[in-house]
There are 2 protein chains.
Amino acid sequence: MTVSKTSEKSSEKPADPAKVRKDAAEVQGQGPGEALQLGELSEQLGYVLKRAQLKVFENFLRCMASLQLTPAQFSVLLLVEKNPGRNQTEIASTLGILRPNFVAMLDNLESRDLCARIRSTNDRRSHILVLTDKGKAVLARAKKLVATKHEARLNELLGPSNREALLGMLSKIANEF
Amino acid sequence: MTVSKTSEKSSEKPADPAKVRKDAAEVQGQGPGEALQLGELSEQLGYVLKRAQLKVFENFLRCMASLQLTPAQFSVLLLVEKNPGRNQTEIASTLGILRPNFVAMLDNLESRDLCARIRSTNDRRSHILVLTDKGKAVLARAKKLVATKHEARLNELLGPSNREALLGMLSKIANEF
DNA sequence: TGATAATTGTTATGGACCATATCAAATATC
DNA sequence: GATATTTGATATGGTCCATAACAATTATCA
């Protein structure tokens with residue numbers, strides 16, 4: 001990749017490899033040799049938020065290992081249980097899942113006999129979604145696992161009132177940001 | 001996909017399509033026709049956390065549109081500025097980025113003349129990372145944008161003390177969960 | 001010393017997730 | 001009844017994440 005020395009749009013000096021090597025030389029073998037300084041990174045909301053989310057999902061997956069449910073799948077089952085008789089578009093869109101991507105997800109859940117697509121009699125284009133008996137049973141077990149292993153862990157880490165405050169602030173961000 | 005009716009491992013009744021259709025019939029055209037009920041979903045930490053994170057990243061990208069910096073790229077620049085003279089493995093690992101995936105990221109930043117790889121004189125296997133002058137300038141502008149547009153938005157939404165509390169709880173989750 | 005192991009940056013590759021365009025069937029609109 | 005819209009589905013491409021493998025270099029240690 002050849003970069004013209006004078007084609008930079010801005011008025012800044014062009015990159016000077018010699019200068020960069022000189023700067024780097026002053027820093028060779030510097031640093032305490034061990035832990036890096038996070039610096040302002042630990043004050044960036046996005047950074048901390050992302051890392052917390054990864055940890056929470058990781059823990060969720062561990063808690064659900066016996067049921068083989070991902071967070072997304074769990075949310076689909078919860079939503080279908082609460083809103084039976086809705087079609088794919090409605091369920092997918094309220095979860096922020098695009099319809100094309102929802103197809104494979106439902107194929108998976110249906111192949112495991114957790115939920116079912118039924119052709120609507122009102123509108124024969126759409127598929128009504130319902131939980132199967134097995135789906136209801138699995139979801140019930142999943143809820144118990146989440147409550148006793150996952151959310152309980154949160155409570156012992158933050159305390160119930162902090163956990164409630166955290167949820168409130170995150171909801172506010174999710175809805176009003 | 002043919003599913004044997006009797007091959008289920010569990011002792012539950014096999015899937016009964018007629019039963020499922022009957023259950024679905026009771027629910028055809030049900031629901032208020034409009035908004036779905038989120039139900040327990042809005043109490044699931046993982047769900048709210050993920051949605052908040054998406055919103056925050058989305059806002060971050062809008063604020064940084066003029067500089068074309070993603071959250072991940074911003075974090076790399078911040079960390080290299082704070083810890084000059086470290087190699088790729090060190091920077092990548094403290095950010096939770098796997099070394100193979102860090103290569104393309106650095107190719108990008110280097111091609112834009114924001115940072116540079118310098119062969120270390122101590123260990124000729126490793127590449128020392130430093131910001132270029134342009135990289136330092138861009139990062140300075142990025143910090144200002146983040147502070148005035150991004151984090152300021154958070155403050156006006158939550159208030160400074162809540163924002164601080166939120167950061168503390170998220171850090172706790174990220175580090176101790 | 002010299003043979004072997006470990007590390008660094010890199011490439012290749014595959015999976016998961018996300019987004020867009022497009023399609024046939026069914027329905028809505030006019 | 002012609003046209004437009006909606007629904008589920010397929011194909012496809014992009015991004016991010018994870019693993020295996022490789023050459024160059026350095027560390028280990030017999």
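Since the model is a prediction, treat every value here as computed from it, not as a measurement.
- Among residues two or more places apart in sequence or in another chain, the salt bridge (charged side-chain N to carboxylate O under 4.0 Å, His left out) test is passed with B/R125 by B/D123.
- With sequence neighbours excluded, no residue forms a side chain to side chain donor-acceptor pair (under 3.5 Å) with A/R153.
- Atom C1' of nucleotide D/dG8 and atom CD of A/E110 are separated by 12 Å, given to the nearest angstrom.
- For the pair B/Q68 CD and D/dT15 P, the interatomic distance rounds to 12 Å; values are reported in whole Å.
- With respect to the salt-bridge test (charged N to carboxylate O, under 4.0 angstrom), the residues B/E110 and B/R117 qualify.
- Partners of A/N83 according to the side-chain contact (heavy atoms from CB on, under 4.5 Å) rule, which considers only residues two or more places apart in sequence or in another chain, are A/L79, A/R86, B/L36, B/Q37.
- Not counting sequence neighbours, the partners of A/T121 by the side-chain contact (heavy atoms from CB on, under 4.5 Å) test are B/Q28.
- Screening residues 40-52 of chain B for side chain to side chain donor-acceptor pair (under 3.5 Å) gives A/K143-B/E40, B/Y47-B/R51 as the qualifying pairs, with residues at least two apart or on separate chains.
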Can you give each donor-acceptor pair under 3.5 Å made by side-chain atoms of residues 164-177 of chain B, sequence neighbours left out, with the distance rounded to 0.1 Å?
unit_1, atom_1, unit_2, atom_2, d
B/S171, OG, B/L167, O, 2.9
B/N175, ND2, B/S171, O, 3.0

Practice prompt. Give DNA chain C the dot-bracket treatment, 5' to 3': Watson-Crick (N1-N3 with N6-O4 or O6-N4) or G-U (N1-O2, O6-N3) under 3.5 Å, [ ] crossing, | other strand.
Written response: ||||||||||||||||||||||||||||||
N/O donor to acceptor pairs below 3.5 angstrom from side-chain atoms of residues 59-68 of chain A, sequence neighbours left out:
unit_1, atom_1, unit_2, atom_2, d
A/N59, OD1, A/H150, ND1, 2.7

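- In this structure, A/R99 places its CZ atom 10 Å from C1' of D/dT6, rounding to the nearest Å.
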Worksheet item: Reading nucleotides 16-26 of chain D 5' to 3', which nucleotides get B (base under 4.0 Å from a protein heavy atom), which S (sugar-phosphate only), which -?
Response: -BBBB---BBS
N/O donor to acceptor pairs below 3.5 angstrom from side-chain atoms of residues 155-163 of chain B, sequence neighbours left out:
unit_1, atom_1, unit_2, atom_2, d
B/N162, ND2, B/L158, O, 3.0
B/R163, NE, B/E151, OE1, 3.4
B/R163, NH2, B/E151, OE1, 3.3

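- With sequence neighbours excluded, no residue forms a side chain to side chain donor-acceptor pair (under 3.5 Å) with B/N108.
- Running 5' to 3' along DNA chain C, contacts with non-hydrogen atoms of chain A at under 4.0 Å begin and end at C/dC18 to C/dT27.
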